[in-house]
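Values below: all heavy atoms of this structure, side chains included; hydrogens, waters and symmetry mates excluded. Model, not experiment: these values are computed from the prediction.
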Amino acid sequence: MFLFIKELIMQNKYHIILASNSPRRKQLLAGLDLDFEVRIMPGIEESYPQDLSTDMIPEYLACQKAAAYTIKEGELLITADTIVVLEGSVLGKPANAQEAKHMLQALRGKTHSVITGVALTTTHCQRVFHVVTEVTFGPLSDQAIDYYIATYQPYDKAGAYGIQEWIGYVGVTSLRGSFFNVMGLPVQRIYEEIQKL
């Protein structure tokens, strides 16, 4: 069985490129036991048309990131974008502690959606998809929120939190869908789609 699985992994004929500066995405992709390199292009615009549905926003942004790269024959580019949606509103990355606190206060005691859009791009085709996970927070106190922000400084995270950090341990009461999707990369679905390629 071990040799069979390893053989399946080794059958991937592409040189995989992860176009992300996120240490979490790098860690998650490494968990698939696939060889890949990280290639980062700074300054990519991350705006989107205001009439897009929330499900389509991360797909649009993943494709926008992919369009900024030039790839060669035999390369597979992985781009992704994750958003947090609460009651129809998109929560981006907080600019400061005050914004982070406001976001976490809004999330507490409620269920929100974490949506990651992924684009798998080669010179011949592009597969685009998104994965949704529903996350519920318990009634976090202001003191807990202040502690988390001061200790973990979640300014690079959509919705102002990382589920793999302290706040995920003490605050998340339920989760429906992929845990890894909330971290920023739906690796099970990516593995499935790479096998199709």
Side-chain angles (χ1 to χ4, degrees), residues 20-29 31 44-65 78-119 128-190 192-193:
S20 176
N21 202 24
S22 164
R24 296 170 297 281
R25 287 192 177 130
K26 183 178 178 182
Q27 173 194 353
L28 290 170
L29 190 59
I44 297 174
E45 181 63 37
E46 292 193 29
S47 60
Y48 54 87
Q50 293 305 305
D51 60 347
L52 277 183
S53 68
T54 52
D55 283 356
M56 291 298 103
I57 291 169
E59 286 193 14
Y60 178 90
L61 292 172
C63 289
Q64 194 172 20
K65 289 176 183 179
I78 300 176
T79 52
D81 196 88
T82 301
I83 62 170
V84 170
V85 180
L86 175 66
E87 298 170 345
S89 296
V90 177
L91 303 183
K93 297 172 184 176
N96 51 48
Q98 186 179 355
E99 275 191 21
K101 184 170 184 175
H102 179 72
M103 287 182 187
L104 292 171
Q105 286 174 329
L107 291 171
R108 67 182 171 192
K110 296 177 183 173
T111 299
H112 62 275
S113 301
V114 178
I115 309 171
T116 300
V118 178
V128 184
F129 56 89
H130 68 270
V131 174
V132 183
T133 304
E134 302 294 331
V135 181
T136 303
F137 270 110
L140 289 165
S141 68
D142 283 347
Q143 291 83 359
I145 289 171
D146 288 341
Y147 168 79
Y148 173 68
I149 293 168
T151 307
Y152 291 87
Q153 301 181 349
Y155 307 125
D156 64 334
K157 298 174 178 69
Y161 79 92
I163 195 168
Q164 73 281 4
E165 296 175 340
W166 180 84
I167 203 162
Y169 285 76
V170 303
V172 173
T173 58
S174 68
L175 182 145
R176 188 161 57 103
S178 166
F179 174 84
F180 300 118
N181 184 55
V182 184
M183 283 181 66
L185 206 62
V187 283
Q188 185 278 329
R189 179 69 184 275
I190 287 173
E192 186 180 301
E193 295 293 338

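- Using a 4.5 Å heavy-atom cutoff, the side chains of Gln64 and Thr79 are not in contact.
- Phe180 is not listed as a side-chain neighbour of Ile190, based on a closest heavy-atom distance of 4.5 Å or more.
- Annotation: side chain of Val118 is not in contact with side chain of Arg189 (no heavy-atom distance under 4.5 Å).
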Inset, instruction - Mind running side-chain contact (heavy atoms from CB on, under 4.5 Å) on Thr82 and Val114 for me, showing each step along the way? - result: CA-CA 7 Å; Thr82 301; Val114 178; 3.6 Å; yes
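- Residue Asp156 holds its CG atom at 9.5 Å from CG of Asn21, rounded to the nearest 0.5 Å.
- Residues Glu87 and Lys110 have side chains in contact (heavy-atom distance under 4.5 Å, counting atoms from C-beta outward).
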Validation: residues 129-139 side-chain donor-acceptor distances under 3.5 Å, sequence neighbours left out:
{"unit_1": "His130", "atom_1": "ND1", "unit_2": "Glu59", "atom_2": "OE2", "d": "2.7"}
{"unit_1": "Thr133", "atom_1": "OG1", "unit_2": "Ser178", "atom_2": "N", "d": "3.3"}
{"unit_1": "Thr133", "atom_1": "OG1", "unit_2": "Ser178", "atom_2": "O", "d": "3.0"}
{"unit_1": "Thr133", "atom_1": "OG1", "unit_2": "Asn181", "atom_2": "ND2", "d": "3.0"}
{"unit_1": "Glu134", "atom_1": "OE1", "unit_2": "Ser113", "atom_2": "OG", "d": "3.1"}
{"unit_1": "Glu134", "atom_1": "OE2", "unit_2": "Ser113", "atom_2": "OG", "d": "3.0"}
{"unit_1": "Thr136", "atom_1": "OG1", "unit_2": "Thr111", "atom_2": "OG1", "d": "2.6"}
{"unit_1": "Thr136", "atom_1": "OG1", "unit_2": "Ser174", "atom_2": "OG", "d": "3.2"}

Let me check something: any side-chain donor-acceptor pairs from residues 89-106 under 3.5 Å, sequence neighbours excluded? List them with distances.
{"unit_1": "Asn96", "atom_1": "OD1", "unit_2": "Gln98", "atom_2": "N", "d": "3.2"}
{"unit_1": "Asn96", "atom_1": "OD1", "unit_2": "Glu99", "atom_2": "N", "d": "2.8"}
{"unit_1": "Glu99", "atom_1": "OE1", "unit_2": "Ala95", "atom_2": "N", "d": "3.0"}
{"unit_1": "Lys101", "atom_1": "NZ", "unit_2": "Asp146", "atom_2": "OD1", "d": "3.1"}
{"unit_1": "Lys101", "atom_1": "NZ", "unit_2": "Asp146", "atom_2": "OD2", "d": "3.4"}
{"unit_1": "Gln105", "atom_1": "NE2", "unit_2": "Asp142", "atom_2": "OD1", "d": "3.0"}

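- Using a 4.5 Å heavy-atom threshold, the side chains of His112 and Val85 count as separate.
- Put simply, the side chain of Arg25 gets close to the backbone of Gly184: a donor and an acceptor are under 3.5 Å apart.
- Residue Gly159 comes nearest to Leu107 through the heavy atom pair O-CD1, 3.5 Å, listed as atom of the first residue, atom of the second, then distance.
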What donor-acceptor contacts under 3.5 angstrom involve side-chain atoms of residues 45-52, with partners at least two apart or in another chain?
{"unit_1": "Glu45", "atom_1": "OE2", "unit_2": "Ser47", "atom_2": "OG", "d": "3.2"}
{"unit_1": "Gln50", "atom_1": "NE2", "unit_2": "Tyr48", "atom_2": "O", "d": "3.4"}

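- A distance of 8.0 Å separates CG in Leu185 from OG in Ser20, rounded to the nearest 0.5 Å.
- Among all heavy-atom pairs drawn from Tyr169 and Gln164, the shortest one is CE1-O, 3.4 Å.
- Here the shortest heavy-atom pairing between Thr116 and Pro186 reads CG2-CD, 3.6 Å.
- Of all the heavy atoms in Thr54 and Ile115, the pair that sits closest is O-CD1, 3.9 Å.
- The minimum heavy-atom distance between Tyr148 and Ala160, with the atom names listed, is CE2-O, 3.4 Å.
- Expressed to the nearest 0.5 Å, how far CG of Leu140 lies from OH of Tyr161 amounts to 11.0 Å.
- Here the closest heavy-atom approach between residue Val84 and residue Ala158 is recorded as CG2-O, 3.5 Å.
- Within the 4.5 Å cutoff, the side chain of Tyr147 has no heavy atoms near those of the Ile149 side chain.
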